[in-house]
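For reference, positions follow the sequence shown, starting with 1.
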Amino acid sequence: MKIIILILAVILATNSNILLAQETSSLEENKKLTFFDGPSLELSEALTLAQEYIEINKIDISKHYLDNIRLLWQSPWMKGKHWIITWRLKRPFDGGQIFIIVGMDKTIKIKKGI
């Protein structure tokens, strides 16, 4: 019985070392990919930049509310990681959404929905 337990312990230890080595290898590979990196521009800073952009460009958001902020890695509007900040209408029949796109390099674009 002791021999069987010893053999099982050796098998488990060997398998766990293999799995650990595979996980470590995958982590090292992932570190090379910027896709897995967090954003270099914080959400709060992106929101501040978007609000400043709205104020400077005199965009009327009085009929809108801040609906959401999403981090995307790519979209039709910008390549690379960027924040999309959406203001949605309080009443849908008044017009469309306002999308402020903020790149990690602080580039700002605006798109309006229908």
Side-chain angles (χ1 to χ4, degrees):
M1 183 72 164
K2 289 182 182 180
I3 293 175
I4 293 172
I5 293 173
L6 182 59
I7 291 171
L8 289 174
V10 169
I11 291 170
L12 287 173
T14 303
N15 287 340
S16 65
N17 285 338
I18 290 169
L19 289 174
L20 182 59
Q22 289 174 344
E23 289 175 15
T24 303
S25 172
S26 296
L27 289 174
E28 291 303 318
E29 289 173 16
N30 288 346
K31 286 180 183 176
K32 296 174 187 173
L33 302 173
T34 58
F35 177 84
F36 293 101
D37 292 346
S40 57
L41 181 68
E42 294 293 326
L43 180 148
S44 58
E45 188 175 358
L47 180 58
T48 299
L49 289 169
Q51 290 170 327
E52 289 172 358
Y53 181 89
I54 287 170
E55 187 177 315
I56 290 168
N57 291 284
K58 297 179 175 34
I59 299 167
D60 182 13
I61 59 169
S62 63
K63 296 179 181 179
H64 295 74
Y65 65 94
L66 179 60
D67 182 44
N68 68 57
I69 303 174
R70 293 177 289 153
L71 177 63
L72 296 180
W73 276 261
Q74 196 154 325
S75 74
W77 303 316
M78 188 176 285
K79 293 184 178 186
K81 284 183 219 159
H82 56 279
W83 295 101
I84 293 187
I85 304 165
T86 306
W87 275 266
R88 186 177 301 271
L89 284 163
K90 296 174 185 174
R91 297 177 144 192
F93 54 84
D94 285 341
Q97 297 168 315
I98 298 172
F99 302 97
I100 305 290
I101 300 97
V102 182
M104 295 300 119
D105 62 354
K106 300 182 182 180
T107 300
I108 299 176
K109 295 181 180 181
I110 184 170
K111 298 292 178 190
K112 295 184 179 182
I114 296 174

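Contact detail for Gly103 and Leu41: the closest heavy-atom pair is O-CD2, 3.4 Å. Across all their heavy atoms, Tyr65 and Leu89 have their closest contact at CE2-O, 3.4 Å. Residues Lys90 and Ser62 approach most closely at NZ-O, 3.3 Å, considering heavy atoms. For the residue pair Lys109 and Trp77, the shortest heavy atom distance occurs at NZ-O, 2.9 Å. The two atoms that bring Lys106 and Leu49 nearest to each other are CG-CD1, 3.8 Å, heavy atoms only. Closest of all the heavy-atom pairs between Val102 and Met78 is C-SD, 4.4 Å.
Expressed to the nearest 0.5 Å, how far CG of Asn68 lies from CZ of Phe99 amounts to 8.5 Å. The distance from atom NZ of Lys63 to atom CD1 of Ile98, rounded to the nearest 0.5 Å, is 11.0 Å. Summarising the geometry, atom CG belonging to Leu72 is positioned 4.5 Å from atom CD1 belonging to Ile84; distances are rounded to the nearest 0.5 Å. Distance check, rounded to the nearest 0.5 Å: CD1 of Ile101 to CZ of Arg70 gives 10.0 Å. Taking OG1 of Thr107 as the reference point, atom CG of Asp105 lies at 3.0 Å (rounded to 0.5 Å). Between the CD1 atom in Ile56 and the CD1 atom in Ile108 there is a gap of 8.0 Å [rounded to 0.5 Å].
Under the rule for a side chain to side chain contact (heavy atoms under 4.5 Å, CB included), the partners of Thr48 that lie at least two apart in sequence or sit in another chain are Glu52. Here Ser75 pairs with His82 under the side chain to side chain donor-acceptor pair (under 3.5 Å) rule; sequence neighbours left out. Annotation: side chain to side chain donor-acceptor pair (under 3.5 Å) contacts of Glu42 (sequence neighbours excluded): none.
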Trace of the side chain to side chain contact (heavy atoms under 4.5 Å, CB included) decision for Leu47 with Leu66: CA-CA 10 Å; Leu47 180 58; Leu66 179 60; 4.1 Å; yes
Side chain to side chain contact (heavy atoms under 4.5 Å, CB included) assessment of Thr86 paired with His64: CA-CA 9 Å; Thr86 306; His64 295 74; over 6 Å; no
Derivation and outcome, side chain to side chain contact (heavy atoms under 4.5 Å, CB included), residues Trp87 and Ile54: CA-CA 11 Å; Trp87 275 266; Ile54 287 170; 3.5 Å; yes
